[in-house]
Amino acid sequence: MDLAKLKQELKKDFNLSKSSEDLQKLKVKYLGKKGKITDLSKTLGKLDQKDRPIVGKKINQIKTLFQDLVKSSSKRIEDFELDNEISKETVDVSLPVGKIFAGGLHPITKTIDKICSYFSAKGYLIEEGPEIESEYYNFDALNIPENHPARDMHDTFYIDSGKLLRTHTSPVQIRSIEKYNVPLKIICPGKVYRSDSDPTHTPMFHQIEGLLIDENVNFGNLKKELIDFLNYFFAKKLDVRFRPSYFPFTEPSAEVDIMDKNGWLEIMGCGMVHPDVLEMAGIDSKKYSGFAFGLGIERMAKLDYSIKDMRVLFENDLKEISGS
Ligand code: DAH
């Protein structure tokens with residue numbers, strides 16, 4: 001057997017090998033039971049005593065060469081196979097993707113944020129009061145004593161002695177006066193509750209209350225503040241109307257309407273803080289006066305996001321509220 005030829009053949013075979021399978025075949029071809037190198041080793045016994053070590057050495061060299069070739073080819077083939085695998089797995093960035101639902105804020109939250117940041121920039125403090133409120137703050141301190149007809153209009157959820165779920169955010173007016181004294185400017189967003197449920201009313205809804213108390217505050221100040229706010233909120237100059245109304249805690253009181261596609265739309269209640277409310281809170285009503293306003297967030301969100309049915313805001317259908 002020509003060992004030099006065998007070496008050449010071996011090298012050529014390894015160079016041509018392209019996969020782990022090819023390598024396996026080469027192992028069989030050279031070192032298997034009937035492999036070429038195995039056959040060579042078998043011939044050793046038939047050689048002359050003196051030739052044996054020489055040929056044996058050469059066979060060993062071939063075996064070593066074989067092992068070296070296996071090593072280097074394995075590395076080459078592994079890399080090649082890995083590259084192949086990776087190239088098959090590449091992501092086609094041009095493929096269209098399905099709709100991704102990123103988290104988003106609820107239209108109610110966005111509306112509260114929008115209103116609060118507007119007033120906050122004007123120096124109003126953002127205040128929150130408790131949802132479980134006492135009759136005193138929810139009614140008495142707001143000039144709605146027991147047996148006052150206005151109490152009936154609130155459809156109150158009573159809890160137990162003297163406690164209730166607040167029916168409006170107005171009690172935060174009193175709590176803030178007690179906390180900060182006057183002069184003060186506050187805006188109070190929050191949940192309110194009324195035992196009322198039909199297509200346009202939900203037992204829980206959101207309001208924002210505003211209160212400003214200082215010396216020489218008048219109804220003109222209130223009108224300007226609210227008209228500026230509404231023009232900002234709806235991002236256009238609106239027709240706004242102040243319609244005389246009644247709230248026990250304001251005098252005079254008004255309801256604010258804006259001109260909508262379908263005519264005048266009531267948007268909030270407001271008025272000059274009743275002197276009795278100021279006095280009850282320990283404020284000198286001869287020195288200080290103030291205005292207050294309260295608006296329903298759901299209605300504002302509905303208008304801002306063109307939501308037709310208010311119930312959409314409470315049903316957590318992502319398709320409806322996430323695009324808003
Ligand atoms: N609290 C009233 C309600 O829930 C709304 C309101 C009216 C708030 C006039 C005010 C106000 O601050 O001045 O119906």
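For ligands, and for the atoms within them, numbers begin at 1 and follow the listed sequence. Nothing fancy with the numbering, it's 1 onward along the sequence. The figures here come from the full heavy-atom set of this structure, side chains too, leaving out hydrogens, waters and symmetry mates. Since we're looking at a predicted model, the values are computed, not measured.
In this structure, the side chains of C270 and L226 come closer than 4.5 Å at one or more pairs of heavy atoms. The shortest side-chain heavy-atom distance between E255 and W264 does not fall under the 4.5 Å cut-off.
Contacts of ligand 1 (protein heavy-atom distance under 4.0 Å) are H168, S170, Q173, R194, Q207, E209, F247, F249, T250, G269, C270, G271, A292, F293, G294.
Annotation: side chain to side chain donor-acceptor pair (under 3.5 Å) contacts involving residues 226-242, sequence neighbours excluded, comprise K224-D228, R241-D257.
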Side-chain donor-acceptor pairs under 3.5 Å in residues 271-279, sequence neighbours left out?
{"from": "H274", "atom 1": "ND1", "to": "D276", "atom 2": "N", "distance (Å)": "3.0"}
{"from": "E279", "atom 1": "OE2", "to": "S285", "atom 2": "N", "distance (Å)": "2.8"}
{"from": "E279", "atom 1": "OE2", "to": "S285", "atom 2": "OG", "distance (Å)": "2.5"}

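Of the charged side-chain nitrogens involved, none lies within less than 4.0 Å of a carboxylate oxygen, so that D13 and K36 do not count as a salt-bridged pair.
With sequence neighbours excluded, the residues that form a side-chain hydrogen bond (donor to acceptor under 3.5 Å, both in side chains) with D92 are S94.
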